[in-house]
> 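Structure below; questions to follow.
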Amino acid sequence: MAIQINITKKENNAIFYNKEGHKETFLNYLCNINVANMGNDKKPLLGMTLAEIKSSVAEIGMPAFTAKQIADWIYCKRVQSISEMTNISLKNREILEQHFVTGFSEPVEAMRSIDGTTKYLYKVTNGHFVEAVYIPDGERATLCVSSQVGCKMNCLFCMTGKQRYTANLTTNEIVNQIFALPEFEKLTNIVFMGMGEPCDNLDNLLRGIEILTADYATAWSPHRLTVSSVGVRKGLKRLLDSGDYHIAISLHHPDPKSRSELMPAERGYSITEIIQLLKEYDFSHQRRLTFEYIVFKGVNDSNMHARRLLKLLDGLDCRINLIRYHAIPEVPLEGVDNESMTRFRDYLTANGIFTTIRASRGEDIFAACGMLSTAKQNQQKETN
């Protein structure tokens with residue numbers, strides 16, 4: 001916006017008439033513009049590690065001990081405004097407010113199932129949306145968290161893959177799904193199995209995991225966290241080396257060629273190579289390795305497929321989680337009936353691999369991951 005300036009003195013405090021028609025010194029005007037611009041670039045505190053908070057407060061001249069106080073207010077007390085951080089001096093709170101916001105963003109929409117499952121929609125960068133799913137189950141309450149807008153893996157059976165990849169979520173956008181959750185206090189477990197491939201956004205994911213497990217934040221055991229992957233080898237190895245979180249591998253077919261038809265990522269990240277990598281790690285104690293296996297009618301549900309699964313996973317201390325298929329539009333795949341699921345499970349368990357059937361939850365809402373965000377995105381395009 002152009003502003004006409006009427007200079008009355010040739011010095012730094014020259015007077016001009018601002019856009020409201022009021023007199024103002026040029027120096028004050030520049031300062032006000034600077035403050036306004038900073039407001040547009042304020043950084044979210046939610047999503048910063050303690051080390052990042054320490055570095056940030058040092059840059060604005062605040063004492064180092066305030067970093068721990070800030071982390072406590074954000075992660076333990078989950079305050080919504082900097083003004084609530086009452087053990088930080090008023091002067092330092094004012095300085096903080098010039099540069100930062102707390103960074104909490106409430107879900108914009110929720111869909112609740114009759115079984116208690118709730119799918120939350122969060123707005124993220126550039127007007128996009130991601131989903132997080134809250135799943136209560138007796139004393140256990142799990143949250144399924146997204147890591148990307150869309151996904152590069154383009155699995156045939158996945159609605160998120162149909163969106164294509166748009167962006168990595170920031171650490172703020174990942175942990176906000178957790179800390180801004182209305183049921184946060186009830187959570188017992190986190191699974192990074194939502195939209196996107198976690199190992200394709202590993203830097204931001206690992207910062208989020210650090211926050212969840214660190215003493216300065218929630219101090220969760222890593223065994224309350226599960227990270228899923230199609231098997232992005234480099235990222236998976238780094239993940240395996242970084243902590244004792246549970247690992248879930250999206251398998252879905254024991255034959256590499258047939259798997260590649262369902263999951264194009266197989267062409268770049270061979271499941272046989274991934275299994276060789278996994279054999280280098282110890283899963284015999286508390287750390288758990290699970291293979292996720294969606295059962296498709298006539299595609300991967302026969303005794304032959306079960307035998308190949310046993311051969312493929314031989315030598316690994318692992319379990320298999322069978323998943324019912326939630327149909328998505330324009331995909332020629334069908335799920336199987338309960339009898340077929342049970343027969344497949346019993347065959348695998350009887351032959352040495354502990355196998356479970358994941359209970360279907362939220363079938364009366366947008367059950368398949370990515371469907372609610374896709375619907376919201378399409379609705380927004382129609383509105384615009």
> Would you please test Asp317 and Leu289 for side chain to side chain contact (heavy atoms under 4.5 Å, CB included) and show each step?
CA-CA 7 Å; Asp317 196 320; Leu289 172 63; over 6 Å; no
> Do Tyr216 and Glu210 have side-chain N/O donor and acceptor atoms under 3.5 Å apart?
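There is such a pair between these side chains.
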> Of the options Phe104, Phe179, Phe184, which is the one that meets Tyr75 in a ring-ring contact (aromatic ring centres under 6.0 Å, His included)?
Phe179
> Main chain of Arg78, side chain of Gln80: is a donor-acceptor contact present, judged purely on distance under 3.5 Å?
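Judged by distance alone, yes, a pair lies under 3.5 Å.
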> Quick one: CD1 on Ile88 to CD on Glu94, what's the gap to the nearest 0.5 Å?
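Ile88 CD1 to Glu94 CD: 12.5 Å, rounded to 0.5 Å.
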> State whether the side chain of Ser228 and the backbone N or O of Met193 hold a donor-acceptor pair below 3.5 Å, judged by distance alone.
no
> Leu225, Ile135: one ILVMFWY side-chain cluster at the under-4.5 Å cut-off?
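No.
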> Does any donor atom in the side chain of Asp346 or Thr349 lie under 3.5 Å from an acceptor atom in the other side chain?
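Short answer, no.
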> State, to 0.1 Å, how close Met159 and Pro329 come at their nearest heavy-atom pair, and which atoms those are.
SD-CD, 4.1 Å
> Describe, in one word, how the ring planes of Tyr293 and His252 are oriented to each other, choosing from parallel (under 30°), tilted (30 to 60°) and perpendicular (over 60°).
tilted
> Using a 3.5 Å distance criterion without hydrogens, assess whether the side chain of Arg345 forms a donor-acceptor pair with backbone atoms of Ile320.
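Checked: no pair found.
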> Same cluster or not: are Tyr165 and Val130 linked, directly or through other Ile, Leu, Val, Met, Phe, Trp or Tyr residues, by side-chain heavy atoms under 4.5 angstrom apart?
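In one cluster: no.
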> Hey, does Pro107 have a side-chain heavy atom less than 4.5 Å from the side chain of Leu121?
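No, every pair of side-chain atoms sits at 4.5 Å or beyond.
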> If you count heavy atoms of other groups shown closer than 6.0 angstrom to CD of Glu339, is the number above 12?
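Not buried by this count: 12 neighbours or fewer within 6.0 Å.
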> Could you label the plane-to-plane angle of the His305 and His253 rings as parallel, tilted or perpendicular, counting under 30° as parallel and over 60° as perpendicular?
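Rings of His305 and His253: perpendicular, over 60°.
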> Tell me whether the centres of the aromatic rings in Phe192 and Tyr245 are closer together than 6.0 Å.
no
> So if you build clusters from Ile, Leu, Val, Met, Phe, Trp, Tyr with side-chain heavy-atom gaps below 4.5 Å, do Met48 and Val101 land together?
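Unlinked, Met48 and Val101 end up in two clusters.
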> Does Arg224 use its side chain to pair, donor to acceptor, with the backbone of Leu187 at less than 3.5 Å?
yes
> Mind checking the OG-CD1 spacing from Ser260 to Ile271? Nearest 0.5 Å is all I need.
12.0 Å
> Apply the test side chain to side chain contact (heavy atoms under 4.5 Å, CB included) to residues Ser229 and Tyr269: give CA-CA distance (whole Å), side-chain angles for both, the deciding distance (0.1 Å), then the verdict.
CA-CA 11 Å; Ser229 177; Tyr269 311 111; over 6 Å; no
> Indicate yes or no: at least one non-hydrogen side-chain atom of Ser360 is less than 4.5 angstrom from one of His326.
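Yes, side chains in contact.
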> Report yes or no: do Phe354 and Phe291 belong to one cluster of Ile/Leu/Val/Met/Phe/Trp/Tyr joined by side chain heavy-atom distances under 4.5 Å?
no
> Among Ile211, Val175, Thr171, which one satisfies side chain to side chain contact (heavy atoms under 4.5 Å, CB included) with Leu46?
Val175
> Given the rule in the side chain to side chain donor-acceptor pair (under 3.5 Å) test, do Arg324 and Asn338 qualify, once you have shown the distances and angles that lead to the verdict?
CA-CA 9 Å; Arg324 292 178 174 84; Asn338 288 334; 3.0 Å; yes
> Restricting to non-hydrogen atoms, name the atom on Thr218 and the atom on Leu212 that form the minimum distance, rounded to 0.1 Å.
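Between these two residues, the closest heavy atoms are OG1-O, 2.5 Å.
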> Counting only heavy atoms from other residues, nucleotides and ligands, does the tally under 6.0 Å from NZ of Lys279 exceed 12?
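It does: Lys279 NZ has more than 12 such atoms within range.
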> Is the backbone of Ala248 close enough, under 3.5 Å, to the side chain of Thr290 for a donor and an acceptor to pair up by distance?
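Here the side-chain-to-backbone pair does not exist.
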> For Tyr281 and Lys237, test the side chains for any donor-to-acceptor distance below 3.5 angstrom and give the result as yes or no.
yes
> Is the backbone N or O of Lys152 less than 3.5 Å from a side-chain atom of Glu197, with the two atoms forming a donor-acceptor pair by type?
no
> Quick one, His223 and His285 - any side-chain contact, counting heavy atoms below 4.5 Å?
no
> Between Glu139 and Thr188, do the side chains contain an N or O donor and an N or O acceptor separated by less than 3.5 Å?
no
> Closest approach of Arg288 and Phe283, non-hydrogen atoms and distance?
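Answer, listing the atom of Arg288 first, then Phe283: C-CD2, 4.0 Å.
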> How many angstroms lie between CG in Asp314 and CG in Asn351, if you round to the nearest 0.5 Å?
11.5 Å
> Taking Thr125's backbone N and O only, do any of them form a donor-acceptor pair with Glu173's side chain (distance below 3.5 Å, no angle check)?
yes
> Taking C-beta and beyond as the side chain, do Tyr347 and Thr355 meet within less than 4.5 Å on heavy atoms?
no
> Would Asn300 and Arg259 count as having a side-chain donor-acceptor pair, cut-off 3.5 Å?
no
> Could you state the interatomic distance from CG (Leu236) to CG (Leu240), rounded to the nearest 0.5 Å?
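Here the rounded value is 4.5 Å.
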> Taking the side chain as C-beta and beyond, is there a heavy-atom pair between Asn201 and Ile174 under 4.5 Å?
yes
> What distance do Ser250 atom OG and Glu266 atom CD have between them, rounded to the nearest 0.5 Å?
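Going from the OG atom of Ser250 to the CD atom of Glu266 covers 12.5 Å.
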> Given side chains that start at C-beta, do those of Asn87 and Trp73 come closer than 4.5 Å, heavy atoms only?
yes
> Using side-chain heavy atoms (C-beta onward) and a distance below 4.5 Å, is Arg207 in contact with Glu52?
yes
> With a 4.0 Å cut-off, would you call Arg238 and Asp203 a salt bridge?
yes
> What distance separates Leu310 CG from Ile353 CD1, expressed to the nearest 0.5 Å?
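Here the rounded value is 5.0 Å.
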> What closest approach, in Å, do Ala71 and Leu50 show between heavy atoms, and which atom pair accounts for it?
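Looking at all heavy atoms of both residues, the shortest contact is CB-CD1, 4.1 Å.
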> To check you understand the geometry: which heavy-atom pair defines the closest contact between Cys199 and Leu239, and what is its length?
SG-CD2, 4.1 Å
> Check the pair Ile95 / His99 against side chain to side chain contact (heavy atoms under 4.5 Å, CB included), numbers first and verdict last.
CA-CA 7 Å; Ile95 294 172; His99 298 272; 4.3 Å; yes
> Locate the shortest heavy-atom distance separating Pro198 from Leu205; write the atom from each residue and the value.
CB-CD2, 3.8 Å
> Does Thr66 offer a backbone N or O that forms a donor-acceptor pair with the side chain of Lys54 under 3.5 Å?
no
> Quick one, Thr226 with Asn189, criterion side chain to side chain contact (heavy atoms under 4.5 Å, CB included). Give me CA distance, side-chain angles, the key distance, then yes/no.
CA-CA 8 Å; Thr226 300; Asn189 299 84; over 6 Å; no
> Would you say the ring centroid of Phe157 lies under 6.0 angstrom from that of Phe296?
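Ring-ring flag for Phe157/Phe296: true, centres closer than 6.0 Å.
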> More than 12 non-hydrogen atoms from neighbouring residues, nucleotides or ligands closer than 6.0 Å to NZ on Lys77, yes or no?
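Enclosed.
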> Inspect the surroundings of CG in Asp337 and state if more than 12 heavy atoms from other residues, nucleotides or ligands are less than 6.0 Å away.
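More than 12 heavy atoms, drawn from other residues, nucleotides or ligands, come within 6.0 Å of this atom.
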> Are Leu322 and Ile247 co-members of a hydrophobic cluster defined by side-chain heavy atoms under 4.5 Å apart?
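As far as the 4.5 Å side-chain criterion goes, Leu322 and Ile247 are connected within one cluster.
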> Could you tell me whether Glu97 and Arg93 have a side-chain N and a carboxylate O separated by less than 4.0 Å?
no
> Can you find a pair of side-chain heavy atoms, one from Phe129 and one from Lys123, that are under 4.5 Å apart?
yes
> Whether the side chain of Arg361 engages the backbone of Asp115 through a donor-acceptor N/O pair (distance < 3.5 Å, no angle test) should be reported.
yes
